[in-house]
Amino acid sequence: MRLLDTLTNKLREVDPVHEGSIGIYVCGVTPYAEAHVGHAMSLIVYDVLVRYLRWDGNSARGYNVTFVTNYTDVDDKLIERAAELNCDPLELASENIDRWEREQVELGIVPPDKRPRVTGEIETITSTIEEIIRQGYAYVTTNGDVYYRVQVKNDYGKLSHREIEGLRAGTRGELGKDKEFPLDFALWKKQKPGEPAWPSPWSNGRPGWHIECSAMAQRYLGDTFDIHGGGVDLIFPHHENEIAQAEAATGKPFARLWMHNGMVQYENEKMSKSTGNLVSVAEALQRWHPAALRLFVLSSHYRGPNNLTEEAMGAATRGIERLEGALKPFKASPDATPLDPEGTRTRFVEAMENDFGTPQALASLFDLARAINRGRAEGFDLGLAQAELQELTSVLGLRLDNITFTEVKIDKIALADTASEFGVDHSGSEVESIITALIERRTIARTEKDFILSDEIRDKLATLHILLEDTPEGTHWSMQS
RNA sequence: GGCCACGUAGCCAAGUGGUAAGGCAGGGGUCUGCAAAACCUUUAUCGCGAGUUCGAUUCUCGCCGUGGCCUCCA
């Protein structure tokens, strides 16, 4: 598999440090507020990467993947926000993490293997800082802060492709109190009144932003590991500083390949809290199906920007329904010819191998869906083709089985009223059996050519978002968004 | 101002030095009691200008536009 590596700016083959295994580290959120769809998009991308690498459907694959993503649960923003809300920053972080993890389940994210939090890794972090100081790449100020010394190694800026001089020109020229050089950044910050703090050799304080990821990635994946991911907005300074610190501490290369995903926009505008142009994951999950969100993410290339609009989500929802429709069961005659999914798998794999080309991979699946629908009309045995579609969509994490049935979405009272209206028994019945009974009532009406009644039943159910479709095998129902 | 991406049909979105996947929406058909779904069919010369080339949407340069980043005690 080839991915565009930010460090070399070239397509590079994923070449595991340890044969057959791949370690992936992705920067997670700073949980000072609820997660938004940008966070969801990022995680969906890496979730699919992990699923694909683990998948054994491609002869060369089936890697043993270790996926690590962190929570930076001590941070300036978190402390500020907690002060505004007049609550404890660590509790605030914990609450936001819990909510985000519940949402991840709804989004169909395979739980990462490790989800370390800064507050649980203070010793890991302080020992990494000690090592960096020992190597001469960091210094302790009289105040008790620790700064990384950017100028010692000559490769600072290699990831974001910037020169120290250029960066320096962009600074405000203020040389922080004890900083040796404007670009030096904090590894450890001495506690200020009211802030959470932990003991360290230099002062009671907390880790700076950046060091946590270097320390945690190396703890869980080794000094050198395979893939480091995150949003493009993290390339500088976060990842640049991460790579500097990590390599300063060990003298070894850090991540072998750096992968960055693009940002999500909402209705053509940057998502930002200040303008209120932001969609939370909770809101997105309420408005759209998780599979539709995932299809939306995968239908554009991971590195490009992705513009979330009503229209795009409508298209994604229809796309899911289309894929789902192709998987509907079909009873072929015993002597039917099996439909051959032909080159679908090859196309799918080639697309994925080439810099994670999910849009093209999806195109191969939509083509297969069409072939299946055609084969259905022509009486082919669809088993093989449908199994293929099922397998490949599940590699992308698209849950298509019975996805439209969400009992909570059904207005049970209105449904019961509808049943009474048409003289159908609904006492103590399950939602599904009431619907089935209504369908039976309608089928009788249709047999009797009472199309006025049958249409009334169909229309009434439609107002409850229950869609009826008549097919040669009988009437099917599904939930409509 | 600096660095980096991107600019393809009504919308979303791939891709290629030799006249452009897929999805949504729209038009026209088939099927259906009518629908729905499905199937068939139809809709682009690839931001603008110049250059390289037998030939560029695909390479180079300029311009315009959009987006990201340009640090922590904002």
Side-chain angles (χ1 to χ4, degrees), chain A residues 4 6 9 75-77 79-80 143 145 147-148 150 157 160-163 165-172 174 176-177 179 182-186 189-190 192 195 208-210 231-241 260 262-265 268-270 295-296 298-301 303-326 328 347 351 354 357-378 445-447 449-452 454-455 458-459 462 467-472 475-478 480:
Chain A
L4 189 80
T6 307
N9 200 28
D75 168 271
D76 293 346
K77 286 194 196 125
I79 292 167
E80 281 170 26
N143 181 47
D145 296 324
Y147 283 98
Y148 182 83
V150 158
S160 53
H161 306 289
R162 289 159 207 240
E163 306 275 329
E165 276 313 307
L167 288 167
R168 190 183 180 181
T171 63
R172 294 177 181 80
E174 290 174 29
K177 290 176 188 131
K179 274 199 203 178
L183 295 178
D184 289 351
F185 54 90
K189 300 179 179 190
K190 185 184 175 182
K192 284 186 294 185
E195 289 185 352
W209 183 40
H210 313 308
V232 287
D233 59 334
L234 293 179
I235 295 175
F236 189 87
H238 186 55
H239 289 340
E240 190 68 61
N241 292 349
H260 289 97
M263 303 284 98
V264 177
Q265 292 172 252
N268 293 303
E269 281 181 48
K270 177 187 178 182
L295 186 66
F296 162 74
L298 299 179
S299 63
S300 71
H301 191 88
R303 279 192 281 110
N306 209 170
N307 188 17
L308 183 75
T309 62
E310 288 302 325
E311 206 169 354
M313 284 310 303
T317 303
R318 284 285 298 123
I320 287 298
E321 287 167 5
R322 185 167 170 73
L323 291 172
E324 192 187 21
K328 280 182 181 163
R347 278 176 70 197
N354 184 25
T358 54
Q360 290 173 83
L362 282 170
S364 75
L365 300 188
F366 279 106
D367 282 341
L368 177 58
R370 170 173 291 120
I372 288 171
N373 288 330
R374 199 184 293 144
R376 192 189 307 267
E378 292 167 0
R446 291 184 69 218
T447 324
K449 304 281 187 205
D450 184 353
F451 296 122
I452 293 173
S454 74
D455 287 353
R458 185 172 61 193
D459 293 346
L467 179 73
L468 298 191
E469 296 172 78
D470 301 322
T471 76
T475 301
H476 294 306
W477 69 274
S478 59
Q480 207 173 30

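Lettering of chains follows the sequences in order, A, B, ..., and the numbering in each one begins at 1.
- Under the rule for a side chain to side chain donor-acceptor pair (under 3.5 Å), the partners of A:Asp184 that lie at least two apart in sequence or sit in another chain are A:Tyr139.
- With sequence neighbours excluded, the residues satisfying salt bridge (charged side-chain N to carboxylate O under 4.0 Å, His left out) with A:Asp76 are A:Lys189, A:Arg206.
- If you check every strand for non-hydrogen atoms under 4.0 Å, A:Thr309 touches nothing.
- Of the candidate nucleotides B:C73, B:A13, B:C69, B:C69 has the atom lying nearest to any side-chain atom of A:Phe236.
- Every residue meeting the side chain to side chain contact (heavy atoms under 4.5 Å, CB included) condition with A:Ser300, not counting sequence neighbours, appears here in chain and number order: A:Asn306.
- In this structure, A:Lys77 does not pair ionically with A:Glu80, as no charged nitrogen and carboxylate oxygen lie closer than 4.0 Å.
- Partners of A:Glu469 according to the side chain to side chain contact (heavy atoms under 4.5 Å, CB included) rule, which considers only residues two or more places apart in sequence or in another chain, are A:Lys328, A:Leu467, A:Ser478.
- Looking at the side chain of A:Asn306, the nearest of the listed nucleotides B:U71, B:C73, B:A13 is B:A13.
- For A:Asp145, the listed nucleotide lying nearest its side chain is B:C73; candidates were B:C73, B:G33, B:C39.
- Nearest nucleotide to the A:Pro237 side chain, out of B:G33, B:C73, B:U71: B:U71.
- In this structure, A:Asp455 atom CG and B:U32 atom C1' are separated by 12 Å, rounded to whole Å.
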Just the table, please: protein N/O against nucleotides 4-9 of chain B N/O, every pair under 3.5 Å.
none

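- Atom NE2 of A:His239 and atom C1' of B:G68 are 13 Å apart (whole Å).
- Scanning for side chain to side chain donor-acceptor pair (under 3.5 Å) contacts around A:Arg370 gives an empty result, with sequence neighbours left out.
- Distance from the side chain of A:Leu467 is smallest for B:A36 among the nucleotides B:C69, B:C73, B:A36.
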What nitrogen or oxygen pairs link the protein and nucleotides 41-45 of chain B at under 3.5 Å?
none

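- Distance from the side chain of A:Arg458 is smallest to B:G33 among B:C73, B:G33, B:U71.
- Take A:Lys190 and apply the salt bridge (charged side-chain N to carboxylate O under 4.0 Å, His left out) test, not counting sequence neighbours, and it matches no residue.
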The contact string for nucleotides 21-27 of chain B, one letter per nucleotide 5' to 3', using protein heavy atoms under 4.0 Å with B, S and - for base, sugar-phosphate only and none, comes out as BSSSS--
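- Where A:Ala186 and A:Ile235 each meet RNA chain B at their nearest nucleotide, the meeting point lying more 5' is that of A:Ile235.
- In this structure, the CG atom of A:Leu234 is 10 Å from the C1' atom of B:C69, given to the nearest Å.
- Taking the nucleotide of RNA chain B with the nearest heavy atom to each of A:His301 and A:Ala369, the more 5' of the two is matched to A:His301.
- Below the 3.5 angstrom threshold, one finds no donor paired with an acceptor across the side chain of A:Asp470 and the base of B:C31.
- Here A:Arg374 pairs with nothing under the salt bridge (charged side-chain N to carboxylate O under 4.0 Å, His left out) rule; sequence neighbours left out.
- When the C1' atom of B:A38 is taken as reference, atom NE2 of A:His476 falls 12 Å away, rounded to whole Å.
- Shown here are the salt bridge (charged side-chain N to carboxylate O under 4.0 Å, His left out) partners of A:Glu378, two or more places apart in sequence or in another chain: there are none.
- Contacts of A:Ala326 classified as side chain to side chain contact (heavy atoms under 4.5 Å, CB included), with partners at least two apart in sequence or in another chain: A:Ala369, A:Ile372, A:Asn373, A:Leu389.
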